Peer 1: 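This is the structure I have questions about; it appears just below.
Keep in mind that what you see is a predicted model, and the values were worked out from it rather than measured. All residue numbers in this chain count up from 1 along the given sequence.
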Amino acid sequence: MGPSATVQGVRRLAGGTHASTHLVTTASPEREVVLRRFPPGDEAASAEARVLTALGGLDGFAPTLLAADLAGQQAGRPAVLITRLPGQADIMPAQPDGWAAQLGHALARVHAVPVGGLAGFRDVMDGETSALAGAPRVLTHFDYWSGNVLWESGVLSGVVDWSGAALAPRGFDLGWCRLDLALLFGDSVAADLFLAAYQDACGLAVGDMAQWDLHATLRSRHDVEDWLPNYHDLGRTDLSRGELRRRHSAWARRRLGAL
């Protein structure tokens, strides 16, 4: 922040358990920035620094990297300092239909990033032999769920937590977010509205969606209950470990029936 900067305040930001995330307010200059610190030895700080450098702020839709302390010499743990995007997380929308549609439009914007500038990004499907692995690659967020986007005055204002971003087929992010919406609402309505909005924004239909939905449930089958702190942190205290498992199993059965 410069040699004259002084810290005026620090506040923990809700949502997410992987990184310790704080809003830092400074004077000289007056500014709000975000410090994300990861567990010792974690490569996520390095990955997020690389991704944010490649994105270059995504026209204000993603944070901009200000500094990185990959060895944790200053922050005590591997860390990145990034710009603060406007808005806050909101997983309890008053109008779920429009909210889900905006999630779809935002993901289409992420997937539209040209992959030519992403040399060196890992391929999520590398080594997989399923038919899904043959689909064209786009920039995937890897953890695109409702808690990793921000809202300002009812408008989706940005996407955060880019440490896992990689190359993968479109369905990878779509299936993951659709699972999250099924867990939040207990049915397929929001998930289907999200997909329809995404396809409308992209101008294409995504094939094999039932298989991608099942791919997401398989990835999360052992630890979906561990997502509970993320949901509670953002206000969904009505959810329990048992309810998450019940909704996860119900979603898997419905998607198996769609094959």
Peer 1: Would a 4.5 Å heavy-atom cut-off, applied to side chains only, mark Trp162 and Val51 as touching?
Peer 2: yes

Peer 1: If you group Ile, Leu, Val, Met, Phe, Trp and Tyr by side-chain heavy-atom gaps below 4.5 Å, do Leu85 and Tyr144 land in one group?
Peer 2: no

Peer 1: Going from CD on Gln211 to CG on Leu256, what distance comes out if it is rounded to the nearest 0.5 angstrom?
Peer 2: 10.5 Å

Peer 1: Take Leu139 and His111 through the test side-chain contact (heavy atoms from CB on, under 4.5 Å) and record every step on the way to the result.
Peer 2: CA-CA 5 Å; Leu139 169 66; His111 287 176; 5.7 Å; no

Peer 1: Would you say that Trp145 contacts Leu179 through its side chain, given a criterion of any heavy-atom pair below 4.5 Å between the two side chains?
Peer 2: no

Peer 1: Do you know the tightest heavy-atom contact between Ala190 and Ala100?
Peer 2: O-CB, 3.6 Å

Peer 1: Mind checking whether Trp251 and His248 have ring centres under 6.0 Å apart?
Peer 2: no

Peer 1: Nearest 0.5 angstrom please: Leu214 CG to Arg221 CZ, how far?
Peer 2: 11.5 Å

Peer 1: Let me see the working for His22 and Arg37 under side-chain contact (heavy atoms from CB on, under 4.5 Å), right down to the final yes or no.
Peer 2: CA-CA 9 Å; His22 291 82; Arg37 294 180 297 160; 3.9 Å; yes

Peer 1: Mind checking whether Leu239 and Arg247 have side chains closer than 4.5 Å, heavy atoms only?
Peer 2: yes

Peer 1: Would you check if there is a donor-acceptor pair between the side chains of Asp180 and Ser146 at a distance under 3.5 Å?
Peer 2: yes

Peer 1: Measure across Asp187 and Val189 and return the closest heavy-atom pair with its distance rounded to 0.1 Å.
Peer 2: OD1-N, 3.2 Å

Peer 1: Would a distance-only check, ignoring hydrogens and angles, find a side-chain to backbone donor-acceptor pair under 3.5 Å from Ser157 to Pro86?
Peer 2: yes

Peer 1: Taking Gln102 for the side chain and Leu156 for the main chain, is one N or O donor matched with an acceptor at less than 3.5 Å?
Peer 2: yes

Peer 1: State yes or no: do Leu218 and Leu174 share one hydrophobic cluster built from I, L, V, M, F, W and Y residues joined by side-chain heavy-atom distances below 4.5 Å, directly or via other members?
Peer 2: no

Peer 1: So do Leu65 and Ile82 actually touch side chain to side chain, heavy atoms under 4.5 Å?
Peer 2: yes

Peer 1: Within a strict 4.5 Å, meaning less than it, do heavy atoms of the Arg254 and Asp213 side chains meet?
Peer 2: no

Peer 1: Measuring from atom CG of Leu23 to atom CZ of Arg11, what distance do you get when rounded to the nearest 0.5 angstrom?
Peer 2: 5.0 Å

Peer 1: Enumerate donor-acceptor pairs with a distance under 3.5 Å from any side-chain N or O in residues 69-80 to protein atoms, sequence neighbours excluded.
Peer 2:
from, atom 1, to, atom 2, distance (Å)
Asp69, OD1, Gly72, N, 3.3
Asp69, OD1, Gln73, N, 3.0
Asp69, OD2, Gln73, N, 3.3
Asp69, OD2, Gln74, N, 2.8
Asp69, OD2, Ala75, N, 2.7

Peer 1: Could you tell me which non-hydrogen atom of Ala89 sits nearest to which non-hydrogen atom of Gly147, and how far apart they are?
Peer 2: CB-O, 4.2 Å

Peer 1: Once rounded to the nearest 0.5 Å, what's the spacing between atom CD of Glu43 and atom OG of Ser163?
Peer 2: 11.5 Å

Peer 1: Please answer whether the main-chain N or O of Glu243 pairs with a side-chain N or O of Ser240 as donor and acceptor at a distance below 3.5 Å.
Peer 2: yes

Peer 1: Any non-hydrogen side-chain atom of His215 less than 4.5 Å from a side-chain atom of Leu132?
Peer 2: yes

Peer 1: Test of understanding: clusters of I, L, V, M, F, W, Y form through side-chain heavy atoms closer than 4.5 Å, transitively. Do Leu244 and Leu184 belong to the same one?
Peer 2: yes

Peer 1: Could you tell me if Asn148 and His141 have a donor-acceptor pair between their side chains, going purely by distance under 3.5 Å?
Peer 2: no

Peer 1: Output yes when Arg12 and Asp233 qualify as a salt bridge under the 4.0 Å nitrogen-oxygen rule, no when they do not.
Peer 2: yes

Peer 1: Within a radius of less than 6.0 Å around CD of Gln88, do more than 12 heavy atoms belonging to other residues, nucleotides or ligands occur?
Peer 2: no

Peer 1: For the atom pair CG (Leu52) and CG (Leu58), what is the distance rounded to the nearest 0.5 Å?
Peer 2: 10.0 Å

Peer 1: Between Asp161 and His18, is any side-chain donor less than 3.5 angstrom from a side-chain acceptor?
Peer 2: no

Peer 1: State, to 0.1 Å, how close Val138 and Pro169 come at their nearest heavy-atom pair, and which atoms those are.
Peer 2: CG2-C, 4.3 Å

Peer 1: Report the residue from Arg170, His105, Arg178 that forms a side-chain contact (heavy atoms from CB on, under 4.5 Å) with Tyr198.
Peer 2: Arg170

Peer 1: Starting from Met92, can I reach Leu193 by hopping between I/L/V/M/F/W/Y residues whose side chains sit under 4.5 Å apart?
Peer 2: no

Peer 1: Please check if the side chain of Glu152 supplies one atom and the backbone of Gly87 the other of a donor-acceptor pair under 3.5 Å.
Peer 2: no

Peer 1: Taking atom CD1 of Ile91 and atom CH2 of Trp151, what is their separation to the nearest 0.5 Å?
Peer 2: 12.0 Å

Peer 1: How close do Asp223 and Arg219 get, heavy atom to heavy atom, and via which atoms?
Peer 2: OD1-O, 4.2 Å

Peer 1: Going by heavy atoms in the side chains, are Leu103 and Leu181 under 4.5 Å from each other?
Peer 2: yes

Peer 1: So if you build clusters from Ile, Leu, Val, Met, Phe, Trp, Tyr with side-chain heavy-atom gaps below 4.5 Å, do Phe194 and Val206 land together?
Peer 2: yes

Peer 1: So, for Arg137 and Asp123, which heavy atoms are closest and what is the spacing to 0.1 Å?
Peer 2: NE-OD2, 3.0 Å

Peer 1: Any side-chain heavy atom of Pro63 sitting closer than 4.5 Å to one from Arg84?
Peer 2: no

Peer 1: Would you say the side-chain atoms of Tyr231 and Asp238 include a donor-acceptor pair closer than 3.5 Å?
Peer 2: no

Peer 1: Please walk me through it: do Arg255 and Thr217 pass side-chain contact (heavy atoms from CB on, under 4.5 Å)?
Peer 2: CA-CA 10 Å; Arg255 303 318 294 153; Thr217 61; 5.7 Å; no

Peer 1: Can you list everything that forms a side-chain contact (heavy atoms from CB on, under 4.5 Å) with Arg122? Sequence neighbours excluded, please.
Peer 2: Val124, Phe142, Ala166

Peer 1: Taking Thr83 for its side chain and Thr64 for its backbone only, find out whether a donor-acceptor pair lies under 3.5 Å.
Peer 2: yes

